[in-house]
Amino acid sequence: MIMNDLHDYILRVDGLDVHLRMGGQGGPDTVLLHGIPGSGATWDAVLSRLSAEGRVIVPDLVGFGGSSRTSDFDDLHADGQARRLEAALRSVGVERAVLVGHDFGGPVAVRLLMRAPDICAGLMLASTNVFTDTPIPFPLSLVNAPLIGGAVSRMLFSRAALRGMCRFGAKQGRVDTFMAVNDRAQSAAIRQIFAGSLTRLSELYAPIEEAIRACSVPVLVAWGDRDPFFPEAQATRTADAIPGASLRMLRGCGHFLPDEAPDLL
């Protein structure tokens, strides 16, 4: 493991800071994009392993970790994240990289591929959603309910509820790096992304679904076979929708793969 060769960068992009942590050198670049709840720290165990193979770049998405806080949904969602990430990655000399997206990092990775196809040498999607018609389970479906949706959103995406979600979603070990919701602004960002995605699913995800169906880079889909949020059928559907994609099921794992199965990843 090479954990002593890490460097942190803060890059100002369109008025907001983007924090990157980088480790390793030489070889291919790999960009690890975290989901929500979480931050770049959720990839620490994977970073320590991959940095022996080449350069690894781990951003904090805007609203999380060491990056700027914002209440602007356009900055928080996938396309806004990808726009700033493209600028940040080019600033640190990324020319070709494998993009790895877990959970919300999956749509961000696809959006980055759409914006900057020259950067993307390959794509890995892990425990994520790229479809407009993915079923919304109860009680998340209540976020779309008239009159009560706002109150339900605040309750479901409170810090206590998010920690409970992490405990429920993990089937192996602890998920401490996902459960760390460090401030109210970060908690609000999680709520905005979740609620906005649920209420505008078709609008936000139609371009992403179209892009994966036309994807021409090598793609690996990785999934926990005990994921309680996105079942195994979602993994199969995702791989089947992408030309030439490979599917790897991680047995005994839940949703939070970077914490649960860093060696396998």
Side-chain angles (χ1 to χ4, degrees), residues 31-36 38 59 61-63 73-86 89 97-138 140-141 143-144 149 153 169 189-225 227-250 255-258:
V31 178
L32 305 177
L33 300 172
H34 68 83
I36 55 172
L61 299 181
V62 167
F73 182 78
D74 289 337
D75 289 327
L76 290 170
H77 213 275
D79 192 44
Q81 299 282 4
R83 177 168 56 84
R84 284 189 169 82
L85 281 174
E86 178 191 359
L89 293 174
V98 174
L99 307 179
V100 181
H102 172 257
D103 186 79
F104 180 63
V108 176
V110 176
R111 278 290 191 175
L112 184 53
L113 166 65
M114 293 165 63
R115 297 188 66 90
D118 59 302
I119 283 180
C120 184
L123 183 65
M124 178 176 173
L125 299 174
S127 305
T128 190
N129 177 55
V130 290
F131 299 110
T132 60
D133 60 351
T134 296
I136 302 172
F138 182 86
L140 291 177
S141 56
V143 171
N144 292 332
S153 175
I190 294 169
R191 183 170 64 250
Q192 283 184 275
I193 294 170
F194 264 115
S197 297
L198 294 173
T199 56
R200 298 167 58 187
L201 190 63
S202 182
E203 171 195 348
L204 294 170
Y205 280 79
I208 293 168
E209 183 172 346
E210 181 180 355
I212 64 147
R213 295 186 184 281
C215 188
S216 60
V217 299
V219 178
L220 173 65
V221 176
W223 225 271
D225 70 334
D227 189 326
F229 306 129
F230 297 125
E232 190 166 343
Q234 178 88 343
T236 302
R237 183 189 182 196
T238 303
D240 287 347
I242 304 171
S246 300
L247 174 62
R248 174 74 182 273
M249 298 303 301
L250 307 187
H255 181 74
F256 297 101
L257 300 179

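Of all non-hydrogen atoms in Val217 and Ala121, the two that sit nearest each other are CB-O, 4.2 Å. Pairing each heavy atom of Ala235 with each of Val221, the nearest pair is O-CG1, 4.0 Å. Listed here is the closest heavy atom pair of Leu113 and Cys215: CD2-SG, 3.9 Å. For the pair Ala109 and Leu99, the tightest heavy-atom approach, listed with the atom from each and the gap, is O-CD1, 3.7 Å. The nearest pair of heavy atoms linking Ala189 to Gly63 is CB-O, 4.1 Å. Contact record, Ala245 with Ala239: CB-O, 3.6 Å, taken as the closest heavy-atom pair.
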Phe104 and His77: ring pair (Phe, Tyr, Trp, His ring centres under 6.0 Å), yes or no, with the steps?
CA-CA 9 Å; Phe104 180 63; His77 213 275; 5.2 Å; yes
Apply the test side-chain contact (heavy atoms from CB on, under 4.5 Å) to residues Asp103 and Ser127: give CA-CA distance (whole Å), side-chain angles for both, the deciding distance (0.1 Å), then the verdict.
CA-CA 5 Å; Asp103 186 79; Ser127 305; 5.7 Å; no
Given Ile212 and Val219, is the side-chain contact (heavy atoms from CB on, under 4.5 Å) satisfied, shown in steps?
CA-CA 10 Å; Ile212 64 147; Val219 178; over 6 Å; no
Let's go through Leu85 and Leu33 carefully: what are the C-alpha distance in whole Å and the side-chain angles of both, what is the deciding distance for side-chain contact (heavy atoms from CB on, under 4.5 Å) to 0.1 Å, and is it a yes or a no?
CA-CA 10 Å; Leu85 281 174; Leu33 300 172; 3.7 Å; yes
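With rounding to the nearest 0.5 angstrom, the NE2 atom of His255 is 6.0 Å from the CZ atom of Phe230. In this structure, the separation between CG on Leu198 and CG on Leu204 is 10.5 Å, given to the nearest 0.5 Å. Taking CZ of Arg248 as the reference point, atom CE of Met124 lies at 9.0 Å (rounded to 0.5 Å). The structure places OG1 of Thr238 at 7.5 Å from CG of Asn129, a figure rounded to the nearest 0.5 Å. Rounded to the nearest 0.5 Å, atoms CZ (Arg111) and CD1 (Ile208) are 5.5 Å apart. Atoms CG and CG, on Asp133 and Leu201 in that order, are 8.0 Å from each other to the nearest 0.5 Å.
The closest donor-acceptor contact from the side chain of Glu209 to the backbone of Thr132 lies under 3.5 Å.
Contact of the Asp75 side chain with the Arg84 side chain is registered, since non-hydrogen atoms from C-beta on lie closer than 4.5 Å. Side-chain contact between Leu32 and His102 is absent, with no heavy atoms from C-beta onward closer than 4.5 Å. Between Leu112 and Leu89, some side-chain heavy-atom pair lies under the 4.5 Å cut-off. Proximity of Tyr205 to Ser197: side-chain heavy atoms (C-beta onward) are separated by under 4.5 Å at one or more points. Contact of the Val110 side chain with the Thr128 side chain is not registered, since no non-hydrogen atoms from C-beta on lie closer than 4.5 Å. Two residues are said to be in side-chain contact when any heavy atoms from C-beta on lie closer than 4.5 Å; Gln234 and Phe229 fail this criterion.
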